[in-house]
2 protein chains.
Amino acid sequence: MITTTMIVARQYLESHGIRPSQQRIAVMHYLLTHRTHPSVDEIYEGLKGEYSTLSKTTVYNTLKALSESGAVLTLNIAGTMANYDGYVSPHAHFLCTKCNKIYDVELAHTELLGKKLPEGAKIDDIQLYYKGICGRCR
Amino acid sequence: MITTTMIVARQYLESHGIRPSQQRIAVMHYLLTHRTHPSVDEIYEGLKGEYSTLSKTTVYNTLKALSESGAVLTLNIAGTMANYDGYVSPHAHFLCTKCNKIYDVELAHTELLGKKLPEGAKIDDIQLYYKGICGRCR
DNA sequence: AAACAAAATTGTAATGATTACAACTACTAT
DNA sequence: ATAGTAGTTGTAATCATTACAATTTTGTTT
């Protein structure tokens, strides 16, 4: 079944120069409708019911392509595995080290305040990670 | 051979409540004298000549203990593996995605500017990562 | 100093995330 | 329709990290 949010996902892919295959649309759509910063495994488990032939390798390949084109964000906050975020506007993340949930954190300023970045460096990506215990877990 | 910086390493461990074994002193000393944000493997390779019986598991165990006590910082900037920093005062990091070197970045303000952190959360750790291409690699 | 207990170290095996790769399928353009 | 390119799939390999059991070291008590 094709929904309007899947058409959004398709157009989003196209606007990032990524050819919109079934699988890529599905992964992008999953990220746009699950703001939980899922791992590869969660995305794969969430989709394999609907797309019975889907391979985990495809999920990896897709996320790599999406991340390189800037369509999604790769989070390395958890250490053991990557998590993905379909919303790419500047924001930070908070990981609860007890329940392992990742929460979005708004930023006070758009620009992050690095002083003395290495001479002549070109910045492609900025990630601000908070870790701790969330209110529910305390 | 025991040097004065190794005594510093020993005292540093003790001040963090970590029993100063030979191996732990060696790892701590390595981090204090190599400000290169080394990986487990680099530390192990750097030390195994001098400590022939050293095991990589010990390096892992040691870094875990050091990190949990706050004596060292664990960086998850690289994605594939952890890197370690013996200097724990607040600062950010820049990873050159070409040469894979990690540089320190001073912060403009001591406090990092998260707005709307999850209700009632307790923050234990803040990491600010920049990624890009360093001046030498461009 | 000897004996004991607790903690640390070691080597190997297991785990888990990710990547490599080769065969197969789908899409595009002539 | 055909050929060529890009995308997908499943399996096997890789690499970082952890689990674990045996051994060694360290600290404490007698």
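On a predicted model such as this, the values are computed, not experimentally measured, just so you know. In what follows, chains carry the letters A, B, and so on, assigned in the order in which the sequence lines appear, proteins first and then strands, with residues in each chain numbered from 1.
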May I have the distance from [X] (atom [atom1]) to [N] (atom [atom2]), rounded to whole angstrom?
{"X": "A/Glu42", "N": "C/dG16", "atom1": "CD", "atom2": "P", "value": "15 Å"}
{"X": "B/Asn83", "N": "D/dC15", "atom1": "CG", "atom2": "C1'", "value": "15 Å"}
{"X": "A/Ile25", "N": "D/dT8", "atom1": "CD1", "atom2": "P", "value": "10 Å"}
{"X": "B/Lys48", "N": "C/dT9", "atom1": "NZ", "atom2": "P", "value": "19 Å"}
{"X": "B/Tyr44", "N": "C/dT10", "atom1": "OH", "atom2": "C1'", "value": "10 Å"}
{"X": "A/Ile18", "N": "D/dA6", "atom1": "CD1", "atom2": "C1'", "value": "14 Å"}
{"X": "B/Asn100", "N": "D/dA16", "atom1": "CG", "atom2": "P", "value": "12 Å"}
{"X": "A/Tyr84", "N": "C/dA17", "atom1": "OH", "atom2": "C1'", "value": "10 Å"}

Restricting to non-hydrogen atoms, name the atom on [X] and the atom on [Y] that form the minimum distance, rounded to 0.1 Å.
{"X": "A/Arg35", "Y": "A/Leu32", "value": "CG-O, 4.5 Å"}
{"X": "B/Leu63", "Y": "B/Val72", "value": "O-CG2, 4.3 Å"}
{"X": "B/His37", "Y": "B/Asn83", "value": "O-ND2, 2.9 Å"}

Given [N], is OP1 or OP2 found less than 4.0 Å from the side-chain N or O atoms of [X]?
{"X": "A/Tyr60", "N": "C/dT19", "answer": "no"}
{"X": "A/Gln22", "N": "C/dA26", "answer": "no"}
{"X": "B/Gln23", "N": "C/dT10", "answer": "yes"}
{"X": "A/Thr57", "N": "D/dT8", "answer": "no"}

Checklist entry - On a plain distance test, is the side chain of B/Ser21 in donor-acceptor contact with the base of D/dT26 below 3.5 Å? => result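 Absent.
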Checklist entry - Quick one: on DNA chain D, does A/Tyr51 or B/Asn76 contact a more 5' nucleotide (nearest heavy atom)? => result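 Counting from the 5' end, the first nearest nucleotide belongs to A/Tyr51.
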Checklist entry - Which word best sums up how the rings of B/Tyr129 and A/Tyr129 line up, parallel for under 30°, tilted for 30 to 60°, or perpendicular for over 60°? => result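 B/Tyr129 vs A/Tyr129 ring planes: perpendicular.
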Checklist entry - With a 4.0 Å cut-off on heavy atoms, is B/Ser39 in touch with a base, just the backbone sugar-phosphate, or nothing at all? => result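 Touches nothing.
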Nucleotide of [options] approaching [X] most closely (side-chain heavy atoms):
{"X": "A/Asn61", "options": "C/dT10, C/dT9, D/dT8", "value": "D/dT8"}
{"X": "B/Ala82", "options": "D/dT17, D/dT8, C/dA17", "value": "D/dT17"}
{"X": "B/Arg24", "options": "C/dT28, D/dT9, C/dA8", "value": "C/dA8"}
{"X": "A/Thr53", "options": "D/dT9, D/dG27, D/dT8", "value": "D/dT9"}

Item to check | Verdict with supporting geometry, A/Asp85 and A/His91, side-chain contact (heavy atoms from CB on, under 4.5 Å) | outcome: CA-CA 11 Å; A/Asp85 192 338; A/His91 63 285; 3.0 Å; yes
Next on the checklist: Need to verify one output field. Residue with the more 5' nearest nucleotide on DNA chain C, A/Met81 or A/Arg19?
Outcome noted: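 On the 5' side of the pair lies A/Met81.
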Next on the checklist: Can you work out whether B/Lys56 or B/Thr80 has the more 5'-proximal nearest nucleotide on DNA chain C?
Outcome noted: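 Checking each residue's closest nucleotide, the 5'-ward one belongs to B/Lys56.
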Next on the checklist: One pair to check against side-chain hydrogen bond (donor to acceptor under 3.5 Å, both in side chains): B/Glu14 and B/Tyr12. What are the steps and the verdict?
Outcome noted: CA-CA 5 Å; B/Glu14 283 168 348; B/Tyr12 188 73; over 6 Å; no
